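Here is the structure we will look at, set down as structure tokens.
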Amino acid sequence: MTDDDLILAVREQVAGRELPEPAAEDDVRAVEQMVGHPMPPLLRRLYLEVANGGFGAWGVVSLTDTGDWFSDCADIAEAYRDFADPESPLPPGVAPIMDRGCAMWALIDFRTADGRMWDWDPNLCCMEHALAPLGQSLAEWLSDWLNGVMPDGPYPHRELAAKDCSAR
């Protein structure tokens, strides 16, 4: 699927949801400045062409406080600050974009053009191993959602890896 195909498919999937209007270019630039890297092009287009949050399996966090909260955070800046723990910081350029519930988050790597996806799940074993790459690009991750194969809870391969954690 091309990016154009994905954007069309996401639009069709969220048709009927009451979502905010698309984000402004200035809002995208402000998030890029905060994260310190340019937003992956597909994510940028989704925010600018589909909606300022709310698209995706659980609703991507808005770039700005739109009044429509898709997590416990008003916007991506608040979510990013919440993850700014000096004892276990996120890798530079990785930002939370979707609250999956039960303290689980989907994150995206702004350092990669294809938007490599990460998972945050402190419920699997311990805080030290809560963050892990998913091995998927944003396009692959969205395709899983669009095809109905995104897990509702922990990612199965993460559950298997957690069984070997010495902190359990």
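None of the values given here were measured: they were computed from a predicted structure. Quick note: residue numbers are just sequence positions, from 1.
Using modelled atom types, one finds a donor on one side chain and an acceptor on the other under 3.5 Å when comparing Asp5 with Thr2.
Between the side chain of Arg11 and the main chain of Val50, no donor-acceptor pair closer than 3.5 Å is present. No donor-acceptor pair under 3.5 Å is formed between the side chain of Arg116 and the backbone N or O of Ile108.
Nearest heavy atom pair, residue Leu6 against residue Ala139, reads CD1-CB, 3.4 Å. In terms of heavy atoms, Pro22 sits closest to Leu48 at CB-O, 3.1 Å. Minimum heavy-atom separation, Trp145 to Val14: CH2-CG1, 4.0 Å. Closest heavy-atom contact between Gly53 and Ser62: CA-OG, 3.8 Å. Closest of all the heavy-atom pairs between Ala113 and Pro41 is O-CD, 3.1 Å. The two residues Thr112 and Pro40 come nearest to each other via the heavy atoms O-CG, 3.6 Å.
Pairs passing the side-chain hydrogen bond (donor to acceptor under 3.5 Å, both in side chains) check and including a residue from residues 43-55, sequence neighbours excluded, read Asp4-Arg45, Glu25-Arg44, Glu32-Arg44, Arg45-Glu49, Asn52-Thr64.
Between Trp141 and Met98, some side-chain heavy-atom pair lies under the 4.5 Å cut-off. A heavy-atom distance below 4.5 Å is found between the side chains of Pro91 and Arg111. With contacts defined as side-chain heavy-atom distances shorter than 4.5 Å, the pair Asp109/Trp118 qualifies. For the pair Ile97 and Met117, the minimum side-chain heavy-atom distance is below 4.5 Å. At least one side-chain heavy atom of Ile7 sits less than 4.5 Å from a side-chain heavy atom of Leu42. Contact check for Leu131 versus Leu107: side-chain heavy atoms found under the 4.5 Å cut-off.
Of the candidates Asp144, Asp114, Asp119, Gln136 forms a side chain to side chain donor-acceptor pair (under 3.5 Å) with just one, namely Asp144.
Using a 4.0 Å cut-off between charged side-chain N and carboxylate O, Arg29 and Asp27 make no salt bridge.
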- Message: Would Asp121 and Trp105 count as a side chain to side chain contact (heavy atoms under 4.5 Å, CB included) here? Give the steps.
- Response: CA-CA 7 Å; Asp121 189 349; Trp105 277 82; over 6 Å; no
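Atom CG of Leu90 is separated from atom OH of Tyr80 by 7.0 Å, given to the nearest 0.5 angstrom.
Residues meeting the side-chain hydrogen bond (donor to acceptor under 3.5 Å, both in side chains) test with Glu140, sequence neighbours left out: Ser137.
Side-chain heavy atoms closer than 4.5 Å link hydrophobic residues (I, L, V, M, F, W, Y) into clusters, and following such links, possibly through other members, connects Met1 to Leu134.
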